[in-house]
Amino acid sequence: MAENRSYLQRYAMLLGTYMGGFWILKFFLFPLGMRVPSLSFLFVGLTLCVPFLGYYFVRLYRNAVCGGVIGFMHAWSFTVFMYLFAALLVAVAHFLYFRFIDHGFLLNAYQSQVEAMLAGDNSGLAPYADMLREAMDAASRLTPVDIVLQLLWSNVFFGIVLAIPTALVVMRRRKRGDASTDGWRGGGGVR
């Protein structure tokens with residue numbers, strides 16, 4: 001009996017929307033963390049919670065929709081789709097932020113931090129000063145679309161990578177001889 005995959009996309013969209021909402025709320029802590037350092041720690045903590053939330057959502061899908069049985073490829077596909085839909089949703093928020101709200105705030109904050117590090121008595125950073133300034137110049141030339149595409153790509157990539165251990169942990173095979181799952185009824189013959 002094949003696994004039921006008919007609800008995969010529907011539930012991946014639904015749970016991906018919840019994950020994307022979590023990512024959007026988490027993202028707004030990032031620029032706020034430039035002014036309030038404790039919010040940066042909260043941002044990092046919530047970022048570390050993402051794989052556990054993904055595991056919870058896939059396990060919820062397995063138990064509620066798949067009847068407690070899910071194979072590796074089914075779990076991996078679901079997890080990848082869930083992270084993909086979350087990445088698409090948060091990309092909209094990223095675009096709105098970088099196009100209409102940021103106006104160079106994050107870049108200026110990073111540039112001031114780099115200049116403060118270089119101005120200090122850090123002899124180890126002197127050889128890298130030109131490289132850091134060139135990196136800041138390259139970042140200043142990025143458009144909001146460039147930034148959003150870069151963030152979207154990294155979210156999808158990390159979602160694909162995180163889907164592998166998540167699927168390995170969540171997958172659960174049918175028990176041999178279980179009449180409700182393998183099509184056998186008692187002692188003889190095939191159904």
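Side chains are part of it too, since the values below use all heavy atoms of this structure and drop only hydrogens, waters and symmetry mates.
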Exercise. Do you know which two heavy atoms are closest between Ala91 and Leu152, and how far apart they sit?
Worked result: CB-CD1, 4.1 Å

Exercise. Is there a path from Phe100 to Val92 through hydrophobic residues (I, L, V, M, F, W, Y) whose side chains come within less than 4.5 Å of each other?
Worked result: yes

Distance-only criterion, 3.5 Å: show the donor-acceptor pairs between side-chain atoms of residues 77-88 and protein atoms not counting sequence neighbours.
from	atom 1	to	atom 2	distance (Å)
Ser77	OG	Met73	O	2.7
Thr79	OG1	Ala75	O	2.7

Seminar exercise, completed: Contacts satisfying side chain to side chain donor-acceptor pair (under 3.5 Å) that involve residues 99-114 (not counting sequence neighbours) are Tyr97-Asp102

Please list, one pair per line, the donor and acceptor atoms closer than 3.5 Å that link side chains of residues 22-50 to other protein atoms, with sequence neighbours excluded.
from	atom 1	to	atom 2	distance (Å)
Lys26	NZ	Thr47	OG1	3.2
Ser40	OG	Gly33	O	3.0
Thr47	OG1	Phe43	O	2.8

Exercise. If you look only at pairs with a residue in residues 155-165, which of them pass as a side chain to side chain donor-acceptor pair (under 3.5 Å), with sequence neighbours excluded?
Worked result: none

For this session: With sequence neighbours left out, write down each residue that passes salt bridge (Lys or Arg N to Asp or Glu O under 4.0 Å) with Arg133, or none if nothing qualifies.
Result: Glu115

Exercise. Can you pull the side chain to side chain donor-acceptor pair (under 3.5 Å) pairs that have at least one residue in residues 137-146, sequence neighbours excluded?
Worked result: Thr143-Asp146

Exercise. Asn63 versus Arg172: any side-chain heavy-atom pair under 4.5 Å?
Worked result: yes

Problem set entry | Atom OH of Tyr128: over 12 foreign heavy atoms under 6.0 Å | no

Exercise. If you group Ile, Leu, Val, Met, Phe, Trp and Tyr by side-chain heavy-atom gaps below 4.5 Å, do Phe52 and Ile160 land in one group?
Worked result: no

Seminar exercise, completed: In this structure, CG of Leu96 is separated from CZ of Phe98 (nearest 0.5 Å) by 11.5 Å

Exercise. Which atom names give the shortest non-hydrogen contact between Leu8 and Tyr61, and what distance separates them?
Worked result: CA-OH, 3.4 Å

Exercise. So, Arg62 side chain and Val170 main chain: donor-acceptor pair closer than 3.5 Å or not?
Worked result: yes

Exercise. Who else is in Phe158's hydrophobic cluster (ILVMFWY, side-chain heavy atoms under 4.5 Å, direct or via others)?
Worked result: Trp153, Phe157, Val161

Exercise. Taking only residues at least two apart or on different chains, which pairs with a member in residues 160-170 satisfy side chain to side chain donor-acceptor pair (under 3.5 Å)?
Worked result: none

For this session: Please identify each residue that fulfils side-chain contact (heavy atoms from CB on, under 4.5 Å) with Arg10, with sequence neighbours left out.
Result: Tyr7

Problem set entry | Distance in Å, Trp76 CH2 paired with Ile164 CD1, rounded so as to fall on 0.5 Å steps | 7.0 Å

Seminar exercise, completed: Nearest heavy-atom contact between Cys66 and His74 is SG-CE1, 3.7 Å

